[in-house]
Colleague: 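Okay, handing you the structure first.
Chain letters run A, B, ... following the sequence lines, proteins first, then strands; residues in each count from 1. The structure presented is a predicted model; accordingly, all values stated were derived computationally and were not measured.
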Number of protein chains: 2
Amino acid sequence: MKDATDLFFDAFANKNRFDIIMKLRNKELCAGELQRELKIEQTNLSHDLRCLLNCRFIKVRKNGRKRVYSINHETKDLVDEVIKHVKIYEAYLKTCGILNER
Amino acid sequence: MKDATDLFFDAFANKNRFDIIMKLRNKELCAGELQRELKIEQTNLSHDLRCLLNCRFIKVRKNGRKRVYSINHETKDLVDEVIKHVKIYEAYLKTCGILNER
DNA sequence: TTTATATATGATAATATTTTCATATAATCA
DNA sequence: TGATTATATGAAAATATTATCATATATAAA
């Protein structure tokens with residue numbers, strides 16, 4: 001059985017979802033802008049945005065027919081912490097056969 | 001292309017690997033003990049331990065014919081931080097269809 | 001020095017996740 | 001209202017990850 005922490009890592013272990021979080025770290029963007037900047041296919045983007053919304057990592061507001069997404073600032077703080085920390089292990093992570101050779 | 005942060009989340013997004021980290025959080029254990037306590041199949045455990053070692057999240061020392069694993073204390077600190085933080089989102093994570101219904 | 005215990009390795013099978021595809025909805029504009 | 005733009009939904013196909021299996025190695029004890 002997966003607990004909340006497992007699910008947390010699952011949410012961020014997806015490349016598209018993580019890239020969305022990174023894009024939203026410093027500015028809010030609508031779905032179309034995210035699509036253009038990240039080159040994620042439209043329906044995938046929509047699925048991933050819904051996941052991030054469900055988990056409350058991001059939030060959304062309507063603006064005309066656009067939906068503008070922004071990061072939850074507590075999520076941003078934690079991600080910043082992780083990024084800072086991971087830099088220490090960067091070289092090791094990149095040479096781990098099990099994580100890379102696939 | 002995956003960067004170090006992507007790989008970091010991949011490493012922890014695996015249930016077995018995360019359970020190993022949790023077990024090692026407060027005590028050191030040899031492979032056999034981890035196997036018995038977590039009921040992970042032997043070869044899987046070995047693969048996952050190697051991954052965690054490659055990434056320097058854990059370390060190992062020999063003791064006779066056993067190998068005793070322990071957590072890197074910086075990894076422990078970060079994981080503790082994440083766990084503390086994730087509690088806030090627990091209810092949301094557990095009800096995210098995309099992360100759960102599969 | 002043979003045997004038993006503890007752990008590791010690599011290839012394939014099983015399973016889970018992600019992408020694609022067809023289509024739907026919602027808001028605005030002509 | 002009908003067309004257009006922006007985004008969402010759900011199922012099946014494609015792909016990636018994890019588990020299993022057969023086997024190897026390393027250390028210690030008999």
Colleague: Any carboxylate oxygen within less than 4.0 angstrom of a Lys/Arg side-chain nitrogen, looking at A:Arg25 and A:Asp80?
Modeller: yes
Colleague: Nearest of C:dT17, C:dC21, D:dA19 to any side-chain atom of A:Lys2?
Modeller: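 Closest nucleotide to the A:Lys2 side chain: C:dT17.
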Colleague: Search all heavy atoms of B:Cys55 against all heavy atoms of A:Leu99 and return the closest pair with its distance.
Modeller: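 Residues B:Cys55 and A:Leu99, closest heavy atoms: SG-CD1, 3.5 Å.
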Colleague: For C:dA27, take OP1 and OP2 only and decide whether either is under 4.0 Å from a side-chain N or O of A:Lys66.
Modeller: no
Colleague: Just how far, in rounded Å, is C1' of D:dT18 from CD1 of B:Ile20?
Modeller: 13 Å
Colleague: What is the distance, to the nearest angstrom, from the NZ atom on A:Lys39 to the C1' atom on C:dT19?
Modeller: 18 Å
Colleague: Please tell me which of B:Ala31 and A:Asn16 maps to the more 5' nucleotide of DNA chain C, matching each residue to the nucleotide holding its nearest heavy atom.
Modeller: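 Its nearest nucleotide lies further toward 5', so the answer is B:Ala31.
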Colleague: Kindly point out which of D:dT18, C:dC21, D:dT20 is positioned nearest to the side chain of B:Asn14?
Modeller: D:dT18
Colleague: Using whole Å, report how far CZ of A:Arg61 lies from P of C:dA26.
Modeller: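 The distance from CZ of A:Arg61 to P of C:dA26 comes to 21 Å, rounded to the nearest Å.
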Colleague: Rounding to a whole Å, what distance do you find between B:Tyr69:OH and C:dA6:C1'?
Modeller: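 It is 10 Å, rounded to the nearest whole Å.
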Colleague: Considering only D:dG10, C:dT7, C:dT19, which nucleotide approaches the side chain of A:His47 most closely?
Modeller: D:dG10
Colleague: May I ask you to verify whether the side chain of A:Arg17 and the base of C:dT18 hold a donor-acceptor pair under 3.5 Å?
Modeller: no
Colleague: From the list C:dA27, D:dT7, D:dG10, which nucleotide is the closest neighbour of the side chain of A:Thr43?
Modeller: D:dG10
Colleague: When only distance counts, do a donor and an acceptor, one from the side chain of B:Gln42 and one from the base of C:dA8, lie under 3.5 Å apart?
Modeller: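 Counting by modelled atom types and ignoring angles, a donor-acceptor contact under 3.5 Å is found here.
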Colleague: Between B:Gly64 and B:Glu41, who's closer to the 5' end of DNA chain D by nearest nucleotide?
Modeller: B:Glu41
Colleague: Counting only side-chain N and O atoms of A:Asn63, is one of them less than 4.0 Å from OP1 or OP2 of D:dA6?
Modeller: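 No, A:Asn63 has no side-chain N/O under 4.0 Å of OP1/OP2 on D:dA6.
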Colleague: Ignoring backbone atoms, test whether A:Arg50 places a side-chain nitrogen or oxygen under 4.0 Å from the OP1 or OP2 oxygen of D:dT9.
Modeller: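 Checking A:Arg50 against D:dT9: at least one side-chain N or O falls below 4.0 Å of OP1 or OP2.
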Colleague: Given atom CG of B:Leu45 and atom P of C:dG10, what is their separation to the nearest angstrom?
Modeller: 17 Å
Colleague: Which part of the nucleic acid, if any, lies within contact of B:Gln35, taking any heavy atom under 4.0 Å across all strands shown: a base, the sugar-phosphate backbone alone, or nothing?
Modeller: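 Answer is nothing: B:Gln35 stays at 4.0 Å or more from every strand.
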Colleague: In this structure, are over 12 heavy atoms from other groups packed under 6.0 Å from B:Lys66 atom NZ?
Modeller: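 At most 12 heavy atoms, drawn from other residues, nucleotides or ligands, come within 6.0 Å of this atom.
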Colleague: Do any side-chain nitrogens or oxygens of B:Asn44 fall under 4.0 Å of OP1 or OP2 in D:dT20?
Modeller: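 Yes, B:Asn44 has a side-chain N/O under 4.0 Å of OP1/OP2 on D:dT20.
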Colleague: Tell me: CG of A:Asp48 to C1' of C:dT19, nearest whole Å?
Modeller: 10 Å
Colleague: May I have the distance from A:Ile98 (atom CD1) to C:dG10 (atom C1'), rounded to whole angstrom?
Modeller: 11 Å
Colleague: Could you check whether B:Lys15 pairs with B:Asp19 (Lys NZ or Arg NE/NH1/NH2 to Asp/Glu carboxylate O, under 4.0 Å)?
Modeller: yes
Colleague: Counting side-chain heavy atoms from CB outward, which of C:dA8, C:dA27, D:dT9 is closest to A:Arg65?
Modeller: C:dA27
Colleague: How many whole angstroms separate atom CG of A:Asn100 from atom C1' of D:dT17?
Modeller: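 Nearest whole value for this atom pair: 14 Å.
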Colleague: If you compare all heavy atoms of B:Ile83 against all heavy atoms of A:Thr5, which two are closest, and at what distance to 0.1 Å?
Modeller: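 Closest approach of B:Ile83 to A:Thr5: CG1-CG2, 4.2 Å.
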Colleague: Check B:Asp10 with B:Lys2, please: is the shortest side-chain N to carboxylate O separation under 4.0 Å?
Modeller: yes
